[in-house]
Amino acid sequence: MIGTRGTQAVSGLVGARFGDDWWRRGVVYQIYPRSFADSDGDGTGDLPGIIDHLDHLGRDSLDVDALWLSPIYPSPGLDIGYDVSDHSAIDPLFGTEADFDRLVVQAHRRGIRVILDLVMNHTSDVHPWFQASRRREAPYTDWYIWHDGRGIDRRGRPVPPNDWVSWFGGPAWSFDEVRGQFFHHTFLREQPELDWRVPAVEAAQVAMIRGWLDRGVDGFRLDTFNVFLKHADVLQNPRRRGSTAWARQEHLYDFDQPGLPVLLARLRAAVDAYPGTMTVGEMFVGTTEAAAALTTERHLVFDWELMTRPWSAPAFRAAIRRRARAFTDGRWPTAVLSNHDQPRHASRLASPVPGRALDRDAVARAAALILLTQRGTPFLYYGEELGMGDVVVPLEESIDPPAARVGPDFPWWDRSRSRTPMPWSPGTHAGFTTADRPWLRLGPDTASRNVATQSATPTSVLAAYRRLIAARHGVRALQDGDLTLTRGMPADVLAYRRSSPSDRHDEALIAVAFGPDGADIRLPASRRRGGWHVLAGTEIEPVAPTDGGRRIHLGPLEGVILVADR
Ligand code: NOJ
């Protein structure tokens with residue numbers, strides 16, 4: 001079957017928008033499967049639940065082009081599915097193999113592609129590969145990063161090979177009594193790191209990738225892909241000043257190694273044997289420039305520039321400028337404001353400083369307008385289309401293992417808060433589950449902040465997402481156009497122009513007033529030397545330009561997408 005899967009014919013995509021470059025022009029929606037929809041009443045979301053709610057993503061609602069599923073493989077669940085014990089199967093918690101195949105078919109019938117989250121840097125410690133490796137059983141003997149220690153300390157304990165530390169706190173090495181050696185783990189000790197320098201490891205990963213492509217999958221997110229390679233001699237990282245154990249090392253040797261681009265090219269070539277497929281790498285701890293450097297014609301890389309900026313026009317301008325300088329020469333960026341590892345942006349941006357909260361829904365609408373008009377593929381995180389915010393989860397209910405280690409030398413934001421269940425309707429557990437208790441508590445505002453209520457409210461955040469995605473799909477310049485920041489705007493206005501490289505008359509102008517007072521702005525001339533009219537905006541009835549389409553008065557936190565008068 002390898003290489004024979006035609007984009008439309010075999011995978012059954014019906015009426016999908018865009019061709020093989022859909023992953024550049026389309027909109028992707030991240031689903032956190034445990035929290036999306038529970039169909040069997042066990043309190044945890046599952047694949048049939050996702051199938052039941054596909055219409056929310058389809059043509060008559062959000063109308064996204066692809067969905068990305070956070071891990072759905074068998075796993076002890078210590079890092080909530082990012083500790084995989086079988087990369088080629090479905091965790092029974094989420095349903096059956098047949099449920100997965102049905103999900104692909106049902107998504108494709110709606111023109112929605114399916115992206116899987118591949119965790120290839122590490123496995124669970126219960127994975128058969130690791131179990132065989134610790135017993136030195138061929139062919140798995142060297143599949144993990146095993147090293148002897150540096151002797152025995154004064155208390156009689158073996159000393160790790162070097163002082164690398166785990167991102168999840170504590171040392172990055174654990175001693176395995178069975179094998180009598182240390183193994184490396186950037187995350188939990190239950191997530192041992194594979195050794196990608198062993199050709200059989202790469203071959204096994206490629207075989208697994210082909211298995212999913214043969215099942216109709218359209219692409220992959222590569223979890224922490226820039227950690228795949230470490231220095232072959234596990235050299236000590238130089239020390240530097242810093243406020244945490246992680247920050248006190250200069251991470252020269254535990255990730256971002258020189259062989260990575262070549263390894264990536266081989267992986268991408270395997271995926272390229274299947275037309276119309278994509279990969280996006282999750283950049284682990286890196287700058288925008290580092291993300292851009294690992295981006296290629298055929299491989300996207302997340303950069304976190306937009307995600308880390310506060311709600312201010314100068315901050316967003318600076319982020320856009322930095323991205324534009326980094327992503328050049330055919331390198332296509334992504335655009336992301338929220339994901340399962342970070343605070344949700346509606347909460348984060350609307351509460352810039354304690355005691356100075358802005359209207360959260362208005363900020364969510366304006367942020368959506370910016371996200372969906374960036375140069376780059378937008379990735380939405382489930383619930384952001386409702387303006388969902390972080391939920392306060394008491395530590396005893398936390399589902400995020402590093403949260404238990406929090407302390408002065410290990411600050412940690414409890415990721416439970418941004419992984420809470422999706423509210424579908426008013427009422428018990430917001431229609432997420434019929435169980436007495438959902439796996440994780442819901443937010444306090446689900447009686448009004450839910451899909452059913454917002455669907456019936458034209459002024460809602462959800463209605464704005466629908467309008468803005470439709471606008472993006474209707475204007476080529478918004479999909480693949482260049483981006484130029486507009487000069488001469490008031491300080492608290494962000495404005496930029498998107499213009500299609502292929503059609504000089506295909507252009508859009510975006511303007512957003514960040515401040516609570518709105519802004520009166522003079523619009524630059526369009527390429528046709530004429531005025532502009534509003535295509536869509538954050539408000540259901542956007543303000544209209546005056547002065548022959550050359551001036552506009554934006555309300556507080558209002559944003560508009562303008563197109564040139566014909
Ligand atoms: C990045 C994932 O996004 C995160 O959720 C996970 O904990 C780590 N990688 C380890 O797999």
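Start at 1 and go down the list; that is how both ligands and their atoms are numbered. Just the heavy atoms: all of them, side chains too, but no hydrogens, waters or symmetry mates, feed the values below. Just so you know, these numbers come straight off a predicted model, no measurement behind them.
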Subject >> Close aromatic pair by centroid cut-off 6.0 Å: Phe284 and Trp167 >> reply: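 Close enough - the centres of the two rings lie under 6.0 Å apart.
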**OP:** Compute the centroid of each ring, for Phe175 and then for Trp173, and state whether the two points are separated by less than 6.0 Å.
**Re:**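 No, they do not, as the ring centres are separated by 6.0 Å or more.
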Subject >> Spatial distance of atom CH2 (Trp22) from atom CG (Asp65) [nearest 0.5 Å] >> reply: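 CG of Asp65 is found 8.5 Å from CH2 of Trp22.
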Between [X] and [Y], is there a side-chain N and carboxylate O pair less than 4.0 Å apart?
X	Y	answer
Arg248	Asp409	yes
Arg189	Asp125	no
Arg323	Glu305	no
Glu289	Arg325	no

**OP:** Please work out whether any backbone atom (N, CA, C, O) or any side-chain heavy atom from C-beta onward of Met120 is under 4.0 Å from ligand 1, and answer side chain, backbone, both or neither.
**Re:**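 Neither; nothing of Met120 gets under 4.0 Å from ligand 1.
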Original post:
So, is Asp79 polar-close to ligand 1, with some N/O to N/O distance under 3.5 Å?
Top reply: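 Yes; the residue has a nitrogen or oxygen that sits under 3.5 Å from a nitrogen or oxygen of the ligand.
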With a cut-off of 4.0 Å, which atoms of ligand 1 are near a heavy atom of [X]?
X	value
His122	10 (C), 11 (O)
Arg415	4 (C), 5 (O), 6 (C), 7 (O)
His340	2 (C), 3 (O), 4 (C), 5 (O)
Phe187	8 (C), 10 (C)
Arg419	5 (O)
Thr224	1 (C), 9 (N)
Asp223	1 (C), 2 (C), 3 (O), 9 (N), 10 (C), 11 (O)

Using non-hydrogen atoms of the residue, decide whether [X] is closer than 4.0 angstrom to ligand 1.
X	value
His185	no
Arg221	yes
Phe168	yes

Subject >> atom 3 (O) of ligand 1: nearest protein contact (heavy atom, Å) >> reply: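 The protein heavy atom lying closest is Asp341 OD2, 2.5 Å.
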Original post:
Which atoms form the tightest heavy-atom contact between Thr295 and Leu300, and what is the distance?
Top reply: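 Closest pair (atom of Thr295, atom of Leu300, distance): CG2-CA, 4.4 Å.
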Original post:
What are the two closest heavy atoms between Arg472 and Gly376, and how far apart are they?
Top reply: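 Looking at all heavy atoms of both residues, the closest pair is NH2-O, 3.3 Å.
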